[in-house]
Every structure is written in structure tokens, then in C-alpha cells.
Amino acid sequence: GVFAHLEMLEARAHEAAVKQEETEQQEEKLARLKARVQELRLQRDELRAKVDLQQKGQLGKEGVVSDPAQPSARAVLEWKIKSVKAMLQVFYLTGISGKLTKRGVCFCISTAYEGTYLDSYHLDLLTKAEVQIHRHSVPIFIPLEQIAKKYLQTDIRRFLSVLSDHLNAYAGRRYQADQLQGRFSNRIEGTLQRNSLCNLLVFNYNVSSKSKTFPFNARLLYGDLCCSLPTEVTVSCTPDAPASLAEMAAAHSDLFRRVALHKAFCSFSSAEESVD
Amino acid sequence: MDVTVAEYIRRTVLKIPRDEIKTMLQKWGFLSETQLQTVNFHQIKENISQDVVQLCEENSADIKQAAVLDIIYNHIYPNKRVWSVYQMNKTGEETEFFDLTDFKKKFKRRLRSALKNVTINFREYEDNAVWIRIAWGTPYTKPNQYKTSYVVYHSQTPYVFISVSVLKSNLPLLCQALVVASNYHDIREMELRSHSLNSLKDIVFKRYSQNFQTYYPRPLQERNMAPESGDLRIIQENRNEKERIQRVNQEVFGDGPQPKLEFAQYKLETMFKSDPKMDVLDEKEPFRCLVKFSSPHLLESLKSLAPAGMADAPLSPLLTCIPQKARNYFKIREKKGFFPGSFVSP
């Protein structure tokens, strides 16, 4: 009847369980043996290496000394990691580097001026449908939207290149203004008037000639946002100043247009030293 | 010296914490170092302020100079005021040069042409910020120095930070003057408000920590999950989940400190969804309610919700989008179409 049927099923289940346990045990045993084989193989290799070295007479101390001509797997891996890191560093140093993300690509634009690396800025772009800027850390006064409107959809390389020019030029202008305020603060009268983009600088500075100092006023306008040199320079002195000073003002004006601001001031200092 | 000016200086000095009074007066520069030496800065503030007023009397301070002291105080303690962010727009694409003298001239001229009785002071700071203090009067009364608005503007940016305090009726006038002075076309208020001026700047200038994926080999920071070299009998059962939460949190919030906001407000205009049998406003009309999250430091507390086990990671994008969308006031309406959900109005 029913009980007999149940008993039969129970017996069957029991058999199946026993069988499964057996197979599991077999597998476990097999795995253990395989692991043991690996262990022994490793030991054998180590001992072989020892024997080789002993035969070559290089074994000076205890332990396994690996043959320098045959680098270990670990050393190879470390070398690979090092060279990849170096490659990434090189890309970073070129100024524009990128990494693919789940939804697009993330660019990093690093700025530099005269061999000094300055700030880095990031752009997270989505490229699934049309190219869109998802997030970024570009300063708000850089005309990012304008540049994106012109180039982002059509020529992404040009977009990055133009943006990089803007950022690098800004970094360069700011660097010059900071240098002026920092290193030549003793020559500046009053405050250096500047703005966020550092594209308009107005300041008064002292010029010494024949052991007298004269105040000059300089107004530097950087019309090209991709350039770190000014497009318009006005240097003026007081109306009652001697004529030679007017010449000097013109010379300075020309110098500021051609040479970085802090370098120009360096040359003033050395010129005055040589005269005195 | 005018009695009102004396009283104003006295009250301003009283606001300053005692240990800071001397430094602030030095920054002000109106009283000479020798004069400051004569003041005992260890006595009670009431007496210090009297002494300072006495010295200002000797130098014949006027309201403009007193106003400068007020700007300095507010610059050092901006968090005592509530700041709103305004955004300006322009259509032209010419390069901005921002001449400070030009800006100040245009602003004063525009404001004064509409209202003669105003005290306007400017002060520039190293970070290209211009602070403007305006004390408002009426066409018939002198400016009330206790009813001031403050404006902070960074050159060549479209954002203005305004702390109005009272007299909101003067706001349109102020906005107009700003637009004209900075060569923009129009201005609108953003849905972003906080006591922390610097945090507001961090948000709109994108100076807060965003986690960008780069290959730049940054030095690997010590993870919070330091190996518990302590008791080896204690096993972290949820180690994987904890690490996942940390990772997701870091992706969303970045590594650095969060901008400081005090609240986020969500105005819901969504349909209440319930069991149809319950017959409670089901799909009849929007269930209007207001959800407000308050905290001394809202974003940091949101960041710590998942690691503390109080919320699932990742958090709702409605909460995590706050710095990126630069807003802490939201209106949530029903999304029209097949899949009723909610969407955030721009």
C-alpha cells in the first residue's frame, strides 16, 4: 500500500544520497591529490634550481637564489606594471589623456607653462547618442560652452585641442601674474589689478634711472584667450617725466608684448644692476 | 563725527568675537598701530567698543569708512547670512575683459540713477571676488546702515551671490545694476541657497570633489578597510557588501569634503498610488506634499547613510544630483506617458 510505496521511495533516496556522497568524496580526494602534486612539483623545481646553482658554484648562502638570466614570474609582472605606469605617465605628460568609461570617455587636460606642470582639468563625456558633456571641472570663466558648440559634435580632436589651448594659455597668464605678485612685489606700487581669466592686468611699477625712481603704469590686455602674451600694451609715465623715460616706456611696452611678464621684470632688475 | 556713525561702529565692534577684534581693526587700517596700542583688548567688549569709537572720533570717521569695517566682518564671517545664487545670461560671444574700475562705475551709476539714497562700498579680494555692500534708503530717507544687502561677484563668471536680508523690494533694482555693470543681458535666481558662501561657490564653480575616472597614477590611498590585525576570531560577514557600498559611495560623492548645505527641499506633485480597493485619492489628483531634509551638513550626512547601514547604496539620484544640478529646491511632477514615475523639473 501507501506505506510500502513510501518505504521504497525512502530507500531510493537513501541510495542516491549515498552515491552522491561517494562521488563527492572521490572528487575531494582527487582535488587533494592534484594539489599535492602541484606542491611536490614546486618543491622539485626549487630543489633542481638549488642543485644547478650548487653545481655552478654560486650558492653562497642558504635558500634559493634565482638565476638572474631567468627572471621569476613575479619580476616579469612587476616590470610589466612599471612600464604600463610609465606609459600612462607619458600620456598624462603630453597634456591630453583619456580613459574609456561605461557611457563614454573621460578626458584629462593637464596644463603646463615653461616646464612647470600646473593644474589638471577633467571632462566626462557621454558618447552613446550624440556627444555630451556629462560633468567637468573646467573653470567657469573658460568659454567651454562656446567651444563645445563649435566643435564637440563634429571634430572632437579639435574640441580638445582648442580647449587645451585655452586652459594652457590661462594657466600661463595666471602663472605670470602670480610670479609678478610673488617675486617682484617690491617693484609693484599698490595692488595688481587682475581678473579671473587674467586677461587684463593693470599695475604701477617703479623704474630707477640715474639713482632716482619713477612710477610707470602698465596696462596689459590679452585679446587672444589662447595666447599667454598680451595683444595690447600701454605703458605710461607721469607727464612731467624726462624724455628719456618716455623712450624707456616705449621699450618696456614692446618688451611686455614679446616676453613673459616675470622674465621682463627679471631683465629690468639685471639691466639696472649693470647700469649702477 | 556723526552720532549714527559712532553707534554703527560701536555695534559692529560688538559683533566681533573679542579675540578677533584687534586683527580685524588692523585689517581695516583706519586706526593707526599706535592708536590700537592704547586699547586694552582684554577688557569686556562693551568697553573695547567704547574705546574704539573714541579713537574713530579722533580720526573723524565717516559712514563710508565704517561700512568698510562691516564688509571686513562679513567677509570673515559670511556664514552668518543666507546666500542665494543668481545666474546671468548673455548671447554675445565676445571675449570679456572685465575692467574693475569700469564695473564699479557702471554699477554705482545705474543704482544711483534709480535711487539716490544708497551707500555703496566695494572691496576686492585675492580670489578675483568683488564684495559689494549696499545700504538702502528710500527716495525720502537716508540709507539705513542696518538694512544692508551684500553681493559677491567673481569677474567673468555668470554667477552672483546675493544676501538680501530685508527689503526684497530693492532686489530687482540690484539685479539690474549687476547685469548692466557686468555686461550681461538678464539674470535669474537659481534654486540654490545656503549659509555657507564658499560651498555655494564650490558647487557652481565646480570646485567640489568629483570622482573622474582617469589613468593618472595617483598614489593609492589607504582604504578605510584596514586589515583587522586585531582579533582573528572576528570575521566580517558582510565584507563584500561593505566594500561595494564604499566603492559606490566613492563613485558618487568623490573623495574630498562635500559642499556644505543645510537643507534640500522637494515639492511633490505626484499621484498617490495605493491599493485601488482602499479608495484613497487613488489617481484622482496629485498628492501635494513637501519633503525637507535638514542637517548641519546635508551632503556629508547623505554620504554616510549607506556606510552606516541606514540606506541602500546607491542612493536615490534625487539626493545625489544636488551638487551637479546646483540646486537644493526641487519640484517633482508625474512623468507623462506609459511608465508613471517621477521626473525632476528643470
Side-chain angles (χ1 to χ4, degrees), chain A residues 81-82 84-89 91-93 97-102 104-108 110 120-124 134-147 149-150 170 174 177-178 181 191-202 219 221-226 231-232, chain B residues 85 87-104 122-130 153-161 182-183 200-220 251-252 254 256 320-321 323-326:
Chain A
I81 291 176
K82 208 168 154 198
V84 165
K85 275 190 179 167
M87 185 67 84
L88 292 173
Q89 178 80 341
F91 275 117
Y92 169 73
L93 292 175
S97 53
K99 178 177 197 259
L100 288 174
T101 61
K102 268 182 278 190
V105 62
C106 184
F107 286 105
C108 173
S110 353
S120 300
Y121 305 97
H122 296 90
L123 283 149
D124 207 351
H134 178 50
R135 311 178 293 171
H136 68 88
S137 63
V138 175
I140 191 68
F141 40 80
I142 300 284
L144 178 64
E145 272 171 38
Q146 279 179 35
I147 303 171
K149 205 157 67 160
K150 270 197 202 155
Y170 157 69
R174 192 181 69 185
D178 289 343
Q181 271 184 303
T191 49
L192 168 69
Q193 184 192 317
R194 50 197 278 186
N195 57 22
S196 299
L197 271 168
C198 292
N199 65 353
L200 176 62
L201 298 178
V202 182
R219 185 172 198 268
L221 193 102
Y222 298 75
D224 183 358
L225 285 184
C226 293
T231 48
E232 269 178 52
Chain B
V85 190
Q87 186 176 19
M88 299 191 285
N89 277 319
K90 65 172 157 181
T91 49
E93 291 200 354
E94 330 85 48
T95 315
E96 265 302 316
F97 289 104
F98 194 77
D99 190 333
L100 185 63
T101 341
D102 196 47
F103 174 83
K104 295 201 281 199
F122 297 90
R123 197 166 166 89
E124 302 89 57
Y125 286 92
E126 281 290 296
D127 54 353
N128 299 306
V130 183
Y153 178 60
H154 284 249
S155 52
Q156 296 158 322
T157 65
Y159 299 105
V160 190
F161 306 90
S182 56
N183 291 324
L200 292 175
K201 286 188 194 183
D202 285 346
I203 290 175
V204 293
F205 294 157
K206 307 232 183 275
R207 304 190 304 207
Y208 63 96
S209 77
Q210 300 181 73
N211 210 19
F212 290 104
Q213 301 185 46
T214 61
Y215 281 126
Y216 179 46
R218 269 190 299 258
L220 274 171
E251 272 170 37
V252 170
T320 56
C321 71
Q324 203 199 327
K325 287 213 147 77

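Below, chain A is the first sequence line, B the second, and so on; all start at residue 1. Everything numeric in this text was worked out from a predicted model, so none of it was measured.
Looking at Tyr208(B), there are no atoms closer than 4.5 Å to chain A (heavy atoms on both sides), in backbone or side chain. Using a 4.5 Å cut-off between heavy atoms, Ser97(A) does not touch chain B at all. Within the 4.5 angstrom heavy-atom criterion, no atom of Asp127(B) approaches chain A. Both the backbone and the side chain of Leu197(A) come within less than 4.5 Å of a heavy atom of chain B.
The minimum heavy-atom distance linking Ser196(A) with Ser155(B) is given by the pair OG-O, 2.6 Å. Here the shortest heavy-atom pairing between Thr101(B) and Gln193(A) reads OG1-OE1, 3.9 Å. Shortest non-hydrogen contact noted between Phe97(B) and Tyr222(A) is CE2-O, 3.5 Å. Here the shortest heavy-atom pairing between His134(A) and Gln324(B) reads O-NE2, 3.1 Å. Closest approach of Phe141(A) to Thr157(B), counting heavy atoms only: CD2-CG2, 4.2 Å.
One distance of note links CZ of Arg135(A) with CZ of Phe212(B); it measures 5.0 Å at 0.5 Å rounding. Rounded to the nearest 0.5 Å, atoms CZ (Phe98(B)) and SG (Cys198(A)) are 13.0 Å apart. Between the CG atom in Asn195(A) and the CD atom in Glu124(B) there is a gap of 12.5 Å [rounded to 0.5 Å].
Around atom NZ of Lys90(B), more than 12 heavy atoms belonging to other residues, nucleotides or ligands sit under 6.0 Å away.
Residues Lys206(B) and Ile140(A) are not in side-chain contact: their nearest non-hydrogen atoms beyond the backbone lie 4.5 Å or more apart.
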For this session: Test Gln156(B) against Asn199(A) for side-chain hydrogen bond (donor to acceptor under 3.5 Å, both in side chains), laying out the working first.
Result: CA-CA 10 Å; Gln156(B) 296 158 322; Asn199(A) 65 353; 2.9 Å; yes

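Ranked by heavy-atom pairs under 4.5 Å with chain B, the first of Asp124(A), Leu221(A), Val105(A) is Leu221(A).
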